[in-house]
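Down below is the structure, laid out as structure tokens.
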2 protein chains.
Amino acid sequence: MTGVDGNGQTTGRVTMQQVAAEAGVSVSTVSKVINARYGVAPETFEHVTGVINRLGYEASLVARSLRNTRTNVIGVLVADFEPFSTEVLKGVADAIRGTGYELVAYSAGGRVDEHVGWERRYLSRVMGTLVDGAVIVTPTVTDVQYDGPVVAVDPHTGRSSLPTVAADNLQGARIAVDHLIELGHRRIGMVTGRPDLVSAQLREQGYRDAIHAAGLRVDEDLLALGAFDPEQAREAARALLTLPDPPTAIFAANDISALATLDVAVELGIDVPGAVSVVGFDNIPESALAHPPLTTVHQPMRQLGRDATAMLVALIAGEEIDDTHITLDTTLVRRRSTASLEVPS
Amino acid sequence: MTGVDGNGQTTGRVTMQQVAAEAGVSVSTVSKVINARYGVAPETFEHVTGVINRLGYEASLVARSLRNTRTNVIGVLVADFEPFSTEVLKGVADAIRGTGYELVAYSAGGRVDEHVGWERRYLSRVMGTLVDGAVIVTPTVTDVQYDGPVVAVDPHTGRSSLPTVAADNLQGARIAVDHLIELGHRRIGMVTGRPDLVSAQLREQGYRDAIHAAGLRVDEDLLALGAFDPEQAREAARALLTLPDPPTAIFAANDISALATLDVAVELGIDVPGAVSVVGFDNIPESALAHPPLTTVHQPMRQLGRDATAMLVALIAGEEIDDTHITLDTTLVRRRSTASLEVPS
DNA sequence: TTGCCTTTGGAAATCGTTATCGACAACGAT
DNA sequence: ATCGTTGTCGATAACGATTTCCAAAGGCAA
């Protein structure tokens, strides 16, 4: 697997041992050269540097991490690489540029559901050895206790014990429903999210607040449980749309649910936005490509990643943070799944 | 930084030492419990398992990697997390689900340009220790030699020495320009890419092939160097659009260049697609959100990632691969930046 | 030539984990 | 009563790199 060809070009992994042997010095000398330590003769330095370049050697991240406390690597821990976490990842990459840190994104890939507390185990796997600090995306449990430098980007849970960066779910739901009210809608249904997640609770609360603020009252029959699940959301949408007096607009707790609602509308032959307007939440990429393109609430995912990283870097540097719970505003993206209410003749 | 609270809940990193101490056994015993090795009394097993769960211990990826040859981790090495590599990453995540592998994406974050051969150094850092195999996205050099399990997803270079998965640039450029010809265009300009990249050469070749196949001849004045760079692409587009007899359609070597072209058209007061049609290449997310939405050639990025991963897993398993150079077809995404040529009155 | 200091390179310990192997107790069999 | 066997468990040596400490070599002055 590992060898050296005629030009000294290696194929395969190169260790410090090999560099030392090739250069005719000890490993410690090679280490000193790499880390620019005092105590190496200029010509030895030159010679060893040459060998290192020729072999294309670079210190193993693993071995170095194990020995040193600092690794200059920041970790992003995700349950899976879906749209939300990927966008956050890009934001982290943005923020890391020029800081001298490297970036490692880690995912156990689907084996998550086995243990609810995946975040704690992930942290145990990488913190202190592979990475200096970590950004956890979308944790499932709220009671994570960890006193290393860790920041959560957390769309779902409430104020956890960890430093957190999240979008304002309450405000987002408000502007979504306000938008529908402005368009003249009065019977506004909602496909709700997973009741155990704070994000879903807040989005429902925002919905209720907006209705009340408009001087209307909430009709509990117009709330159907979608649970952030495509199948269940379809059922919920179907229930709402087949009501004797169906709503003229539906606010879905996330885009997945909203897209399911669009699907059901097509099935039932109901025109969107002609007969019913639909608003989503999240602004995942697919929402722009839907038919019709989905009006939705945009979460500033990249910015969440950037802010979380800035906070994390500060934490690693040992700085004191005044506010460890940042909330960012959402914005409404108006596309073509919402329209003014046609006044019935 | 690390401690144990009243409930035995640790805050901070947990090592095997701590588990051993807490359980009153040796580290070797803990190791045996974790790896389900023979030679542990049932009640000891039970007891240690309890302590492990209570402390939320999980073995350090780094230390384990260092000791073992196999890590069950696959690495994705990227220069940066931009749209292309992120989509490929999602594909890798797709393919990895259910294989038992974990996924680590690694980026040195912008410090790349310092050394052109970043891929070789990345490999040296992680291969053999942190990961069992790697997918390299967008390598810059063609002569990477490495005999471990490594697959390149490579939109830019030609047939390299590494196993490679790439989109068919020639075919993609053909269908883009064929589309313009079908719409009636005859004077078709091109904003070309970086001449040193094989992808750019192939896209230009596809352009020339399409023109010739239609029985037309290539007007060299209608080719302008965009170099895959936003600024330079703007200049190129400006040059083409301010020609005395400007082209009625422009094929840009990538979406970045196409978006720059749209920009310039707006500046010059030229209507797209009324006065000039524009086609891009890549189908990056931004292209769908442009004004007008960009007609472009879609690279199946996720599929590239999936295929690369499938090949990598086979390589790690030691299987023989017949064809180590896979080429995937591209498809045309028709949006609203292209239209039929208005016949001049 | 001797003694001392400076320069330079090497040996050893360490990080957290795993595999190997040896220690030791309990027990049954002779 | 002694021996061998089985079952448990712990001590130890790696993995690759870094760092601390120490020894060897060379230079210089006396």
Side-chain angles (χ1 to χ4, degrees), chain A residues 1-2 10 12-21 23-48 51-52 55 57-73 121 123-132, chain B residues 1-2 10 12-48 52 55 57-73 121 123-132:
Chain A
M1 192 97 131
T2 299
T10 58
R13 177 167 50 104
V14 191
T15 73
M16 218 162 101
Q17 301 263 5
Q18 296 173 25
V19 175
V25 296
S26 74
V27 281
S28 28
T29 304
V30 178
S31 175
K32 284 179 193 168
V33 168
I34 289 170
N35 299 88
R37 289 278 174 283
Y38 172 82
V40 179
E43 59 184 32
T44 309
F45 187 94
E46 204 72 27
H47 173 59
V48 173
V51 174
I52 288 173
L55 300 190
Y57 169 81
E58 183 107 349
S60 158
L61 198 57
V62 165
R64 175 174 279 179
S65 298
L66 191 55
R67 184 53 166 77
N68 295 347
T69 319
R70 278 299 289 270
T71 60
N72 286 321
V73 176
R121 308 192 90 94
L123 285 174
S124 190
R125 296 202 77 166
V126 299
M127 280 287 292
T129 49
L130 185 56
V131 303
D132 292 338
Chain B
M1 191 97 132
T2 297
T10 58
R13 176 168 49 104
V14 192
T15 72
M16 221 163 97
Q17 301 263 5
Q18 296 174 24
V19 175
E22 179 82 8
V25 296
S26 73
V27 280
S28 349
T29 303
V30 178
S31 174
K32 283 177 195 165
V33 169
I34 288 170
N35 299 89
R37 290 280 175 282
Y38 173 80
V40 180
E43 59 184 33
T44 309
F45 187 93
E46 204 70 27
H47 174 58
V48 174
I52 288 173
L55 300 190
Y57 168 81
E58 184 108 349
S60 160
L61 198 59
V62 165
R64 175 172 278 180
S65 298
L66 190 56
R67 188 57 168 72
N68 295 345
T69 319
R70 278 296 290 270
T71 60
N72 286 323
V73 176
R121 307 191 90 93
L123 285 175
S124 190
R125 295 202 78 166
V126 298
M127 280 287 291
T129 48
L130 185 56
V131 302
D132 291 339

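Letters go in sequence order (proteins before strands), and every chain restarts at 1. The analysis underlying the following values was restricted to heavy atoms, covering all of them including side chains, and did not include hydrogens, waters or symmetry mates.
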Checklist entry - Does A:S26 make a side-chain N or O approach to OP1 or OP2 of C:dA11 shorter than 4.0 Å? => result no
Next on the checklist: Angle between the end axes of the helix from C:dT1-D:dA30 to C:dT30-D:dA1, five pairs per end, to the nearest 10 degrees?
Outcome noted: 70°
Checklist entry - Is B:T44 touching bases, backbone alone, or none of the nucleic acid, heavy atoms closer than 4.0 Å? => result sugar-phosphate
Checklist entry - Does the side chain of B:R64 get closer than 4.0 angstrom to OP1 or OP2 of C:dT18 through an N or O atom? => result yes
Checklist entry - Does some side-chain heavy atom of B:R70 sit less than 4.5 Å from a side-chain heavy atom of B:D132? => result yes
Checklist entry - Does a donor on one side chain and an acceptor on the other come within less than 3.5 Å for B:T129 and A:S60? => result yes
Checklist entry - Within the structure shown, what part of the strands sits under 4.0 Å from A:S60 by heavy-atom distance: base, sugar-phosphate, or nothing? => result sugar-phosphate
Next on the checklist: Just so I know, are the side chains of B:R13 and B:Q18 near enough to count as touching, which here means a heavy-atom distance under 4.5 Å?
Outcome noted: no
What protein N or O atoms touch nucleotides 21-27 of chain C N or O atoms at under 3.5 angstrom, if any, and at what distances?
none

Next on the checklist: Determine whether B:I52 and B:V48 satisfy the following criterion, side-chain contact (heavy atoms from CB on, under 4.5 Å), listing intermediate values before the conclusion.
Outcome noted: CA-CA 6 Å; B:I52 288 173; B:V48 174; 3.9 Å; yes
Item to check | Whole angstrom value for the distance that separates P of C:dC15 from CD of B:Q18 | outcome: 13 Å
Item to check | Those residues of residues 34-42 of chain B lying under 4.0 Å from DNA chain D by at least one heavy atom | outcome: B:Y38, B:G39, B:V40, B:A41
Item to check | Sugar-phosphate, base or nothing in reach of A:V62, heavy atoms under 4.0 Å | outcome: nothing
Could you go through residues 29-37 of chain B and list every donor-acceptor pair under 3.5 Å that involves a side-chain atom there, pairing it with any protein atom two or more places apart or in another chain?
residue : atom : partner : partner atom : Å
B:T29   : OG1  : B:S26   : OG           : 3.3
B:R37   : NH1  : B:N35   : O            : 2.8

Item to check | Test side-chain hydrogen bond (donor to acceptor under 3.5 Å, both in side chains) applied to B:T15 - qualifying residues, sequence neighbours left out | outcome: none
Checklist entry - What is the nucleic acid contact for A:S28, judged by heavy atoms within less than 4.0 Å: base, sugar-phosphate only, or nothing? => result base
Next on the checklist: Return whichever of B:F45 or B:N68 has its heavy-atom-nearest nucleotide of DNA chain D closer to the 5' end.
Outcome noted: B:F45
Checklist entry - First contact, last contact: which nucleotides of DNA chain D are these for chain B, 5' to 3', heavy-atom distance under 4.0 Å? => result D:dG7 to D:dG16
